[in-house]
Amino acid sequence: MSEAVGEQSRFAPESTRPGVVMKFGGSALEDAEAIRHAIQIVNQRLRHKPVVVVSALADVTDQLLEAGRNAAKGQLPVAVQALDGLQKRHDEVLSESTAAQVSPALRAQVDADFQQLRQILQSVASAGELTPRLQDHLLGMGEVLASRIVHAAFVHAGLETAWVDARVSIITDAAHTHATPLWEETNRQLQATTLPLLQEGKVPLISGFIGATSDGIPTTLGRGGSDYTASIVGAALEAGRIEIWTDVDGILTTDPKLCSDARRVPTMSFEEAADLAFFGAKILHPAAIAPAMRKNVPVWVLNAHSPEGKGTEIVAHPPDECTIKAITAKSGVTVVDVEAVRWFAPELLREIFEVFERHQYGLDFLSASRGSLSLLVTSTDALPAIAEELKGLANVRWESQKALVCLVGEKVRRQPEIASQVFRALSDIDLRMICHGASERNISFLVDEGKTEDSVRRLHRLFFQSRFDRHSAVRVTQPMCQGSGTWQ
Ligand code: ADP
Ligand code: ASP
Ligand code: MG
């Protein structure tokens, strides 16, 4: 791996600002071996004053969530058994990462964390529900545990590392399960907790995903939130760059789990990456780009399993003019049709939005015609109550198991032939809520969930592969993306 970060860093070497914020996702932290790789990667960046952000170990958040749901359903013994399994795994990774030289204090701390987890599950069982507040407390412990273990592994490897408590540094509102930082407090706290450590020559290590309200109640930034943490930290400390270390070669033309021949996108603009994340690409948390973009800190997405790779560079103005950068699909979407009984007076529209907001639905996607409004949501839980509240004013119907497919790329809108190519390629598939033109950078539409893979594969073939497929029936206007990817 090259040491090119310094050349690109906007800070002099003696600056206390970090040259790089490095985030390691669960997919790059499966076990002790993966942690060793992460240490090697950080080691290569040492002279650039890194700050390290870590997620929970792979799959831990899902397992904690399942345990919480089981406890809520009255199956506490099942939940506790899962926790025992998690404790064993964390103990093993800790021992393996430190050649069994675990300090009694750390061992006691990890035991205490698991004791706390058992108490949370007990509270969930007593309440008979996994409230958003309890969920945040439960899930966040995955990151607390991982950061303690990775910290111990770093120290064992001889890295001068300091553990920074994210619950003291990232101060958020109380929107449990999808909290937003209180920017001023967070920036101040992050600077206060990390800059002195950098000055002492230490590597601050902080858990991703979690924060706390100003009263100290644990919160989380939403699933996949460690990317967001990295960006929050990078922006607050005005880092030279932010690196998202994960299990794929960068941002790819689509999710490789949908399309095995997805290719690396060398460069993207902040806006393109933000759109891609917003439209459901798991590779980045939906809000992860905004803080970096505000401070113009470049973001790199890199593969921890092959660190010599070039990755994807996300900057304000990438050199690459390629039209379509990537295709994304978000499953589990429900389309809600709200039809006015009489007509859509402005007061009715206001009432509709207020009802949805009261039930905690963010209305990110909507389309309207004269007498009806279509909205996209990802949970149907409160829809019966909403339908009841709007009774007499509007009829509310919904259809679940939809997927939102989106093509992202600068200037997509300015090429109308792209839309016609999309519709021709998917002419036998029922498309709904087609949105073209609301943004310069994307075309999106809804398909039945069962058609997701097929739709994405056809579009991927159309826009990224036909050049190599002489039998393709579809004419291609899109050149293959050929970014420079010259950072290493
Ligand atoms: P981490 O644990 O490192 O945060 P995630 O599982 O959250 O990793 O994100 C990485 C995954 O994102 C990849 O394994 C891949 O399946 C998925 N993904 C979805 N869309 C894309 C895309 N356009 N490019 C690359 N990966 C994508
Ligand atoms: N561990 C958390 C999750 O699985 C946060 C993250 O991975 O970024 O959602
Ligand atoms: Mg992630």
Side-chain angles (χ1 to χ4, degrees), residues 22-30 34 37-38 41 53-66 86 135-136 138-147 150 166 170 177-179 206-211 219-233 243-266 268 272-288 300-305 309 311-312 314 324-331 405-409 452-453 456 459-460 463-464 481:
M22 310 173 73
K23 175 256 170 173
F24 292 89
S27 65
L29 297 172
E30 303 103 307
H37 288 150
I41 293 169
V53 175
V54 293
S55 309
L57 304 186
D59 303 326
V60 166
T61 314
D62 285 338
Q63 288 169 29
L64 287 172
L65 187 58
E66 200 188 330
L86 279 173
Q135 179 172 317
D136 273 356
L138 178 73
L139 300 200
M141 292 302 288
E143 263 67 13
V144 172
L145 283 159
S147 62
V150 176
I170 310 269
T177 74
H178 55 276
I206 183 166
S207 356
F209 181 50
I210 60 174
T219 54
T220 66
L221 304 173
R223 292 304 306 272
S226 301
D227 306 322
Y228 194 17
T229 306
S231 186
I232 294 165
V233 174
E243 295 181 345
I244 306 291
W245 288 91
T246 183
D247 63 350
V248 281
D249 284 341
I251 293 187
L252 308 181
T253 45
T254 192
D255 186 346
K257 289 180 184 113
L258 284 178
C259 215
S260 57
D261 35 20
R263 289 142 206 266
R264 179 179 65 91
V265 181
M268 280 194 136
E272 286 172 327
D275 273 12
L276 199 69
F278 179 76
F279 279 95
K282 194 178 174 229
I283 186 77
L284 288 172
H285 178 280
W300 289 84
V301 179
L302 296 153
N303 191 344
H305 304 303
T312 297
I314 304 165
I324 296 178
K325 291 285 172 64
I327 302 165
T328 178
K330 179 178 182 162
S331 302
V405 177
C406 180
L407 283 85
V408 175
T452 316
E453 246 179 76
V456 171
L459 294 178
H460 194 263
F463 291 110
F464 297 107
C481 291

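No hydrogens, no waters, no symmetry mates; every other heavy atom, side chains included, goes into these values. Order of listing sets the numbers, starting from 1, for every ligand and every atom in it.
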- Taking only heavy atoms of I251, which atoms of ligand 1 are found under 4.0 Å from at least one of them? 24 (N)
- In the protein, what heavy atom is nearest to atom 4 (O) of ligand 1, and what distance, to one decimal place, separates them? K23 NZ, 3.1 Å
- Message: So is A304 touching ligand 1 or not, going by heavy atoms under 4.0 Å?
- Response: no
- Item | Nearest neighbour of atom 3 (C) of ligand 2 from the list K282, H285, R223, on a heavy-atom basis | R223
- Task: For ligand 1, indicate whether the residue A326 contacts it via side chain, backbone, both or neither (heavy-atom separation under 4.0 Å).
- Result: neither
- Query: When you measure from the side chain of H178 to the backbone N and O of T220, does any donor-acceptor pair fall under 3.5 Å?
  - Reply: no
- Message: Evaluate G26 for polar contact with ligand 2, using N/O atom pairs at a separation under 3.5 Å.
- Response: no
- With atoms numbered from 1 as shown, which atoms in ligand 1 lie under 4.0 angstrom from a non-hydrogen atom of V248? 13 (C), 14 (O), 25 (C), 26 (N)
- Message: Residue-level breakdown please: for T254 versus ligand 1, do any non-hydrogen atoms fall below 4.0 Å on the side chain, on the backbone, on both, or on neither?
- Response: backbone
- Message: How close do A28 and W245 get, counting heavy atoms only, and between which atoms?
- Response: CB-O, 3.8 Å
- May I ask you to list the atoms of ligand 1 that are less than 4.0 angstrom from any heavy atom of G26? 2 (O)
- Message: Any side-chain to backbone donor/acceptor pair from H305 onto D249? Under 3.5 Å, distance only.
- Response: no
- Heavy-atom contacts under 4.0 Å between K325 and ligand 1: side chain, backbone, both, or neither? neither
- Item | atom 15 (C) of ligand 1: the protein heavy-atom neighbour that sits closest, reported with distance to 0.1 Å | D255 OD1, 3.4 Å
- If you measure from the Lys or Arg side-chain nitrogens to the Asp or Glu carboxylate oxygens, is any gap between K282 and D227 under 4.0 Å? no
- Query: When you measure from atom 2 (O) of ligand 1 to every protein heavy atom, which one gives the shortest distance, and what is it?
  - Reply: S27 N, 3.0 Å
- Query: With a 4.0 Å cut-off on heavy atoms, does G224 reach ligand 2?
  - Reply: yes
- Minimum-distance protein heavy atom relative to atom 7 (O) of ligand 1: K282 O, 3.6 Å
- Counting from 1, what ligand 1 atoms have a heavy atom of K257 closer than 4.0 Å? 13 (C), 14 (O), 15 (C), 16 (O)
- atom 23 (N) of ligand 1 [closest protein heavy-atom partner, distance rounded to 0.1 Å]: L252 O, 3.0 Å
- Exam field: side chain E243 to backbone W300, donor-acceptor pair closer than 3.5 Å: no
- Query: Given side chains that start at C-beta, do those of L65 and Q135 come closer than 4.5 Å, heavy atoms only?
  - Reply: yes
- Query: Relative to ligand 2, is S226 under 4.0 angstrom through side chain, backbone, both or neither, heavy atoms considered?
  - Reply: both
- Query: Numbering the atoms of ligand 1 from 1, which are under 4.0 Å from a heavy atom of T246?
  - Reply: 1 (P), 3 (O), 8 (O), 10 (C)
- Any idea which of T253, D247, I283 brings a heavy atom closest to atom 12 (O) of ligand 1? I283
- Is the backbone of E143 close enough, under 3.5 Å, to the side chain of S147 for a donor and an acceptor to pair up by distance? yes
- Output yes when a side-chain donor or acceptor of T312 lies under 3.5 Å from a complementary backbone atom of I251, and no otherwise. yes
- Query: Would you say L276 and ligand 1 have an N/O pair spaced under 3.5 Å apart?
  - Reply: no
- Message: Using heavy atoms and a 4.0 Å limit, tell me yes or no: is G225 in contact with ligand 2?
- Response: yes
- Task: Looking only at protein heavy atoms, identify the closest one to atom 5 (C) of ligand 2 and say how far it is in Å.
- Result: E143 OE2, 3.4 Å
